[in-house]
Amino acid sequence: MTFLAIIVAAILGILCSSAEGTSCRRPRSLRKGRYEYQNSTDYGLTHLPVNYIVRAECEPNATLVGDEFIICQDNGKWSDYPYCHAPLVCFRPPESPVNGYMRMRGKSARSIAVYRCNPGFELHGQRTVVCNETTGSWQGDVPRCFRPPSCPDPNEPSGMLALVLVENSGIKHGDLYTERTVFNYTCQTGYHPTGDVTITCQNGTWEADADVPECNRIICAPPILEPIENGTHNIENRTYHVGEMVQYECNEGYLVDGISWQVCQSHGGPNGIWSDNVPTCKVARCPHPGSRHLDNDEISFSPRNGQGATNSWPVGTVMTLRCRSHLELLGSSERVCQPDGHWNGTLTSCHSEEYYCPALGNPIHGSKVAIPQYRVNTYVRFRCNGGYEMVGSEERMCTFSGEWTGEMPRCMSRDEFDEFARVTSGLGKAFDEMAIDGGFGVGFNNTTLNSGSRRRKRTIDLSNSSALDIYFAFDASNSVGLENFEKGKRFAKLLVDKLDENILAGGTRVGALYYSSQSMRAFNVNEYRSTDGVTSAIDTLIHYKSDGTNLPAALINIKEMVAETLGDTPDNTRRVLFIITDGFSNVGGAPSEHALTLKEDLGFKIHCIGISQKTDKKALAEIASRPIIEHVFYLSDYIELDEAVDIITNTKRSYEECGKSGNTIVARSRIVGGVDAKSGAWPWQAALYDTATNDLLCGGSLIRKNWVLTAAHCFRGLFSLTRDTTTVYLGLTDRSGDLPRSQQFDIAQLIFHPQYSVEGSAQHNDVALLRLDREAELNPYVRTVCLPPSSVTDPLKANWYLKPDRVAKVTGWGHSDIRLPDEPIDPATKNLQEVDVPLVSATECRRVMQDNNQIPVDTTTELCAGADQRDACNLDSGGPLVVSRNGIYRQVGIVSYGLGCGLQNTYGVYARLPHFVEWVEKTIQENQ
């Protein structure tokens, strides 16, 4: 039937059809073909009526698959969807190989091209390639044709001269090279050849195109010889070689303006060049903090004539900060300009009792974007002045706990660095943490160390104890210089020496790599098991002396090194990475993504040490762990690093200040129920174990080096602990993984509050003091908590901490789920839990507890805290309830009793510590 006849029949069908039908969307374009419509006007329609007929027609080289005529059906679909099939044709393959030829067997899909070599030549590579039926291209590489191997392996010249194989110039078979293989003569780093000479394999022998070159040492003339104004240098009147460096220092009261060292570098010829320019020495001055530094409150300077034209202040200037009478000053009221160009003290702000979160100050060289609202869930945003980088949190939120998310930002210029004291304090804390995490060092007590003390009663399994793996990544790029590279190595060796006992005991392992344009592995953590082995391996590291800084390659290399050791590494191994660089990565893309993998997937704690003005401060902070202020350090030169290491490794740091939490980063979301505490977050937390059963039964808090505060009912109630059957642990967060670093104590004296009593389920005056058998050694994981002001002698200050709705923090290893009063006690949780609980007014506390048929609460000596699903529970007894003020935590309560855990319309009851402070301090004084 012709197309016209079919159309006529279809029209008659439409006229006779009683179906209303719908329409069909116009069929898509036909590849290798076209559709014919009933008339020309139909080509512009998007929909065609039911029973409409379209004809499909293919191009001459294509075959129709499906019906030629398709009809629009009353279901809105076409009767068929034909297509045109045309066999793919591959274009001619690449040219024939040199000294060979190619034969094609067709051009359609799956056709084959065959390569052959001329007589006397051998084929190297694939003999055939195939026309791909999907892509229409030839799959495979063109082979090469070489004469049979004819030249022996050339002997590399001795000394500075070496041979480098030219890529793709030939093939090696065993010890023989094919015809036309080419080698270039080259010199070792720091030397330059007298000519560009190559050798080529021809007719079985190596032929050179010129005389064998010599290697002359690249030299740099001294950058200057005359003294620099207000400073000194160590430049000698001689020639310098590649990698050698000169150092500049400024007199006291002056700071280096520029890079404080220069390195002799190769420059593609016999003469080298010096990195960077000769620096100058500028007068040390401190920046003006800005007109909005204290939110328009009063700032004065002494002497007043000290301000210069550059809007800065000379060394010795005193900045005095005052708040309006109704506001409280947080931070330093006086700050003095130091010789390093920094104001001493801490950032200042003016706080109001009406604020839910503490007032935030304005960073020097920056400010808050708008007037902040210090309410829950409100944000404060910061910005830096032009030319300054923000290091820290650009945005912070006031949380339910009364704390801010993130950390206070700093606005830093390229030539601004950290105060030296902050570097030694921060790196020193990191060193102490590693000494403890590795299983020995500050605060570590084991059987050997305690062999002279009284009997050890615990038999807790240490098979799950953790290990510590430390990695060093050294920047070995050209700009570092040999002497600075050695200083970086010394940093690592002194740390290893400090951890000497750990490595010998197998608690700590060390790995290292160095990088410039590429990453070069030095040794992995499983290769050396002694201090001497590790330090000797570090000594053998050679300055790479290459252009570029490829930090991503180094981070990828670290991940590969970890993967190789996973089979012999405990699951809870702690990992630390030190990155030491004089600039920032300019090869290989963004390193922050690779660093994130290390931190999140492998649990790395990354410390970054950036040295010189070249450091990209913000980008380096993105790599490091949080908080930034504890993991990133900016130094002006390697001399400072060298001096800092000497101080760190030869000075014992003080952890005497009470109430300093290790939980310096606050989560963004509200806390509901308990969450795992970070390692070392609550360093005063004590764990009371029943020695006979090895069960944890109560908590406590370290308030003096040898005194722990807890609940009396832990020794008089359900748990029935005694002085002789209790072991006190300090330094625990993860109760299994942290055992090796914990400190364990017997109880020398147990003292109950004289008015302790039990009335039904209530515990009144539920306070006890434990004198330990010796003083605890304070460290990053073991510190004391501050006691609150006494409600007897200082009721106004005490009431500030006990204000209703103020959010407190309670910690312990107790139940983490809602629990009814009579449910059995489950084992303690593995990880220390922390939860925010609002304090409750005395009236509300009495009402709710009476409604639940509880013994009336004595709100003089007890307080209530909690909310639905936020509560302390069994095995948290004796633990601390703390409140933060100005970054210092004070204990306001002791976990005592309650009706179940986390139930609606009930609260937890705590011993009201401000009421007992006088008794606690007097008892300690009398029994010390």
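- A salt bridge is absent between Asp469 and Arg574: the closest approach of a Lys/Arg side-chain nitrogen to an acidic carboxylate oxygen does not fall below 4.0 angstrom.
- Applying the side-chain hydrogen bond (donor to acceptor under 3.5 Å, both in side chains) test to Arg575 and every residue at least two apart in sequence or in another chain returns nothing.
- A salt bridge links Arg521 to Glu564: one of the charged nitrogens lies within less than 4.0 Å of a carboxylate oxygen.
- Scanning for side-chain hydrogen bond (donor to acceptor under 3.5 Å, both in side chains) contacts around Thr549 gives an empty result, with sequence neighbours left out.
- Looking at Leu30 and Cys84, their side chains come closer than 4.5 Å, going by heavy atoms from C-beta outward.
- Legend: disulfide (SG to SG under 2.5 Å) pairs involving residues 92-123, not counting sequence neighbours, sorted by first then second residue: Cys117-Cys145.
- Here Arg147 contributes atom CZ and Asn118 contributes atom CG; the two are 9.5 Å apart, rounded to the nearest 0.5 Å.
- Counting heavy atoms from C-beta outward, Asp475 and Tyr515 have side chains that approach closer than 4.5 Å.
- His47 meets the ring-ring contact (aromatic ring centres under 6.0 Å, His included) test with no other residue; sequence neighbours excluded.
- A side-chain donor-acceptor contact under 3.5 Å links Asp676 and Gln833.
- Nearest heavy atom pair, residue Tyr43 against residue Glu36, reads OH-CA, 3.7 Å.
- For Lys32, there are no side-chain hydrogen bond (donor to acceptor under 3.5 Å, both in side chains) partners, not counting sequence neighbours.
- Residues Tyr115 and Ser96 have side chains not in contact (no heavy-atom distance under 4.5 Å, counting atoms from C-beta outward).
- The SG atom of Cys384 lies 10.5 Å from the CE atom of Met412; values are rounded to the nearest 0.5 Å.
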Quiz item: Can you check side chain to side chain contact (heavy atoms under 4.5 Å, CB included) on Thr399 and Thr405, steps first, answer last?
Solution: CA-CA 7 Å; Thr399 65; Thr405 59; 3.5 Å; yes
Exercise. Before giving the answer on side chain to side chain contact (heavy atoms under 4.5 Å, CB included), spell out for His173 and Thr178 the whole-Å C-alpha distance, their side-chain angles and the decisive distance to 0.1 Å.
Key: CA-CA 8 Å; His173 290 280; Thr178 59; 4.1 Å; yes
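- Leu577 contributes atom CG, which lies 4.5 Å from atom CD1 of Ile579 (distance to the nearest 0.5 angstrom).
- Tyr471 and Phe604 have tilted rings, their planes meeting at an angle from 30° to 60° on a 0 to 90° scale.
- Looking at Glu68 and Arg55, their side chains come closer than 4.5 Å, going by heavy atoms from C-beta outward.
- Electrostatic pairing of Arg381 and Glu395 counts as a salt bridge here, judged by a charged N lying under 4.0 Å from a carboxylate O.
- Counting heavy atoms from C-beta outward, Asn524 and Thr565 have side chains that approach closer than 4.5 Å.
- Side-chain contact, Asp734 with Ser736: a donor N or O sits under 3.5 Å from an acceptor N or O.
- Side chains of Tyr52 and Asp42: a donor-acceptor N/O pair is present below 3.5 angstrom, by distance only.
- Ring geometry for Tyr374 versus Tyr355: interplanar angle of 30 to 60°, hence tilted.
- Between Phe146 and Ser169, the shortest heavy-atom contact is CE2-O, 4.0 Å.
- The number of heavy atoms from other shown groups lying within 6.0 Å of CG (Asp601) is above 12.
- Side-chain atoms of Thr829 and Asn831 include no donor-acceptor pair closer than 3.5 Å.
- In this structure, Lys599 has no salt bridge (charged side-chain N to carboxylate O under 4.0 Å, His left out) partners at least two apart in sequence or on a different chain.
- Within the 4.5 Å cutoff, the side chain of Arg396 has heavy atoms near those of the Phe382 side chain.
- Using a cut-off of 4.0 Å between Lys/Arg side-chain N and Asp/Glu carboxylate O, Lys617 and Glu389 are scored as not salt-bridged.
- Put simply, the side chain of Ser625 gets close to the backbone of Ile606: a donor and an acceptor are under 3.5 Å apart.
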Quiz item: Thr41 and Asn39: side-chain hydrogen bond (donor to acceptor under 3.5 Å, both in side chains), yes or no, with the steps?
Solution: CA-CA 6 Å; Thr41 59; Asn39 59 66; 2.4 Å; yes
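- Looking only at side-chain heavy atoms (C-beta outward), Leu48 and Tyr37 come within less than 4.5 Å of each other.
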